[in-house]
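Because the structure is predicted, anything quoted here is derived from the model rather than measured. Quick note: numbers below take in every heavy atom, side chains included, and nothing from hydrogens, waters or symmetry partners.
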Protein chains: 2
Amino acid sequence: MSQPDLSYKDKKVISIGTVSELTGLTLRQIRYYEERKLIAPYRNESGTRKYSFTDIETLMDIADKREDGVQTTEILKELRLKEKKRESEMDVKKKMLQGQLNAQFKQGRGRS
Amino acid sequence: MSQPDLSYKDKKVISIGTVSELTGLTLRQIRYYEERKLIAPYRNESGTRKYSFTDIETLMDIADKREDGVQTTEILKELRLKEKKRESEMDVKKKMLQGQLNAQFKQGRGRS
DNA sequence: CGTGTAAGGAATTCTGACACG
DNA sequence: CGTGTAAGGAATTCTGACACG
């Protein structure tokens with residue numbers, strides 16, 4: 001057990017100043033996109049925001065869209081779509097496992 | 001071109017407070033291990049230390065060793081060894097590429 | 001040697017608000 | 001709607017030093 005934390009990409013550990021440097025966005029913009037639900041940083045005990053590399057990628061995506069004049073509301077919809085995609089990809093994997101398990105333990109069942 | 005930055009693990013973006021939480025080490029300890037050259041955080045313009053996930057792994061390694069009573073000098077040596085290993089692993093990959101390139105462009109060469 | 005702590009200062013981040021368009 | 005900015009405060013980080021063992 002204990003995989004060596006492959007999910008560094010999703011660990012929320014980067015503070016907003018660093019995110020600003022990495023994305024080129026101002027603190028104001030980053031906080032505003034949070035207000036509009038485009039991102040959801042973690043908040044530590046004292047209220048400081050912490051972001052993941054994934055958040056940073058999302059922010060760079062947002063920056064591009066905004067440059068093209070896309071409004072945050074639109075961007076939000078697009079982001080939700082991408083989420084769906086990621087989820088269904090996960091589902092594929094889950095279902096493959098499920099299928100195997102089902103095949104293993106299958107038993108006759110009435111449609112009740 | 002432009003691989004999507006697979007090297008998140010090595011990006012120095014985490015501040016010392018977060019590193020402290022993640023490793024369980026005190027700020028004092030983390031700074032001291034730097035003094036002893038066991039780690040080398042990045043320093044931003046204003047002098048604030050920034051660590052990578054790799055640094056964090058190293059620190060957890062150090063914590064274990066210290067609990068076993070190993071001195072920082074010893075730990076330093078061990079760390080240098082691991083570096084060597086990583087380098088030679090990289091070398092293997094490089095050499096494989098080199099080999100292919102050489103095979104492609106090989107030309108007779110006098111021993112000068 | 002490795003770590004704790006108090007000290008003073010500088011840099012960071014937070015929120016709510018007013019401004020402009 | 002999206003972003004800038006000044007405001008006041010709280011939390012973070014930094015360094016050098018004294019302490020203990």
Side-chain angles (χ1 to χ4, degrees), chain A residues 11-80, chain B residues 11-80:
Chain A
K11 275 229 153 190
K12 304 206 178 224
V13 296
I14 309 171
S15 48
I16 197 166
T18 303
V19 172
S20 173
E21 288 174 8
L22 261 35
T23 60
L25 294 167
T26 65
L27 305 190
R28 183 66 162 102
Q29 290 175 310
I30 299 172
R31 293 192 190 114
Y32 180 68
Y33 300 149
E34 173 184 359
E35 193 183 317
R36 305 315 312 273
K37 310 287 184 187
L38 304 188
I39 43 175
Y42 161 76
R43 296 291 192 115
N44 69 14
E45 318 64 53
S46 39
T48 303
R49 294 169 176 83
K50 296 297 177 187
Y51 303 82
S52 66
F53 283 111
T54 300
D55 289 330
I56 289 178
E57 286 184 356
T58 302
L59 283 169
M60 301 185 89
D61 209 66
I62 295 172
D64 287 346
K65 301 271 179 60
R66 283 294 303 131
E67 280 185 35
D68 294 347
V70 184
Q71 291 187 207
T72 56
T73 321
E74 286 311 310
I75 300 178
L76 179 57
K77 289 177 195 167
E78 298 175 27
L79 288 177
R80 295 214 194 285
Chain B
K11 275 226 152 192
K12 303 206 178 225
V13 296
I14 309 171
S15 47
I16 197 167
T18 303
V19 172
S20 172
E21 288 175 8
L22 261 34
T23 60
L25 295 168
T26 65
L27 305 190
R28 183 65 163 103
Q29 290 175 311
I30 299 171
R31 294 192 189 114
Y32 180 68
Y33 299 149
E34 174 183 358
E35 192 183 318
R36 305 316 313 275
K37 309 287 184 189
L38 304 189
I39 43 174
Y42 161 77
R43 295 292 191 116
N44 69 14
E45 318 64 53
S46 37
T48 303
R49 295 169 175 83
K50 296 297 176 185
Y51 303 81
S52 67
F53 283 110
T54 300
D55 289 330
I56 289 178
E57 286 184 358
T58 302
L59 283 169
M60 300 185 89
D61 209 67
I62 294 172
D64 287 346
K65 301 269 179 60
R66 283 295 302 132
E67 280 185 35
D68 294 347
V70 185
Q71 290 188 206
T72 57
T73 321
E74 286 311 309
I75 299 178
L76 180 57
K77 289 178 194 165
E78 298 177 28
L79 287 177
R80 294 213 196 286

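Protein atom CG of A:Leu59 is 12 Å distant from nucleotide atom P of D:dT3, rounded to whole Å. Taking atom CD1 of B:Ile16 as the reference point, atom P of C:dT3 lies 13 Å away to the nearest angstrom. Between the CD atom of B:Glu35 and the C1' atom of D:dC14 there is a distance of 14 Å, given to the nearest Å. The OH atom of B:Tyr42 sits 16 Å away from the P atom of D:dT13 (whole-angstrom rounding). Note: CD (B:Glu34) to P (C:dG2) measures 15 Å, nearest angstrom. Protein atom CD of A:Glu45 is 14 Å distant from nucleotide atom C1' of C:dT13, rounded to whole Å. To the nearest angstrom, P of C:dT12 lies 16 Å from OH of A:Tyr51. Atom pair B:Leu38:CG and C:dT3:P shows a separation of 10 Å (rounding to whole Å applied).
Under a 4.0 Å N-O distance rule, the pair B:Glu34/B:Arg31 does not qualify as a salt bridge.
Phosphate proximity of C:dT12 to A:Thr48: absent, as no side-chain N or O sits under 4.0 Å from OP1 or OP2. Residue B:Tyr32 places at least one side-chain N or O under 4.0 Å from the OP1 or OP2 atom of C:dG2. Remark: A:Tyr33 is in phosphate contact with D:dT3, judged by side-chain N or O atoms under 4.0 Å from OP1 or OP2. Between C:dT13 and A:Ser46, no contact under 4.0 Å exists linking OP1 or OP2 to a side-chain N or O.
When every heavy atom of B:Glu45 is checked against every heavy atom of A:Glu21, the shortest pair comes out as OE1-OE2, 3.6 Å. For the pair A:Tyr51 and A:Pro41, the tightest heavy-atom approach, listed with the atom from each and the gap, is CE2-CB, 3.4 Å. Between A:Tyr33 and A:Arg66, the shortest heavy-atom distance links the atoms OH-CG, 3.7 Å.
Side-chain contact check for A:Arg43 versus A:Lys50: every heavy-atom pair is 4.5 Å or farther apart.
Closest to the A:Asn44 side chain, of the nucleotides C:dC14, D:dT12, D:dG2, is D:dT12.
Among the candidates A:Ile16, A:Ile62, A:Ile30, A:Val19, the single residue satisfying the side-chain contact (heavy atoms from CB on, under 4.5 Å) test with A:Leu25 is A:Ile30.
Checking C:dC14 for Watson-Crick or G-U wobble geometry (two distances, each under 3.5 Å) identifies D:dG8 as its partner. The partner of D:dA19, taking Watson-Crick or G-U wobble pairs whose two distances both stay under 3.5 Å, is C:dT3.
Between the side chain of B:Lys65 and the backbone N or O of B:Glu74, no donor-acceptor pair lies under 3.5 Å. Without hydrogens or angle criteria, A:Gln29 side chain to A:Thr26 main chain gives a donor-acceptor distance under 3.5 Å.
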Steps toward side-chain contact (heavy atoms from CB on, under 4.5 Å) verdict (A:Thr58, A:Leu38): CA-CA 8 Å; A:Thr58 302; A:Leu38 304 188; 5.8 Å; no

Shorter than 3.5 Å, N or O on both sides, protein versus nucleotides 15-17 of chain D: list them out with atom names.
{"from": "D:dT15", "atom 1": "OP1", "to": "B:Arg43", "atom 2": "NH1", "distance (Å)": "2.9"}
{"from": "D:dT15", "atom 1": "OP1", "to": "B:Arg43", "atom 2": "NH2", "distance (Å)": "3.3"}
{"from": "D:dT15", "atom 1": "OP2", "to": "B:Arg49", "atom 2": "NH1", "distance (Å)": "3.0"}
{"from": "D:dT15", "atom 1": "OP2", "to": "B:Arg49", "atom 2": "NH2", "distance (Å)": "2.8"}

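For residues 71-79 of chain B, proximity to DNA chain C is found at B:Gln71, B:Thr72, defined as any non-hydrogen atom under 4.0 angstrom from a strand atom.
Mapping A:Lys50 and B:Gln29 onto DNA chain C by nearest heavy atom places B:Gln29 closer to the 5' end of the strand.
Side chains of A:Asp55 and A:Ser52: a donor-acceptor N/O pair is present below 3.5 angstrom, by distance only.
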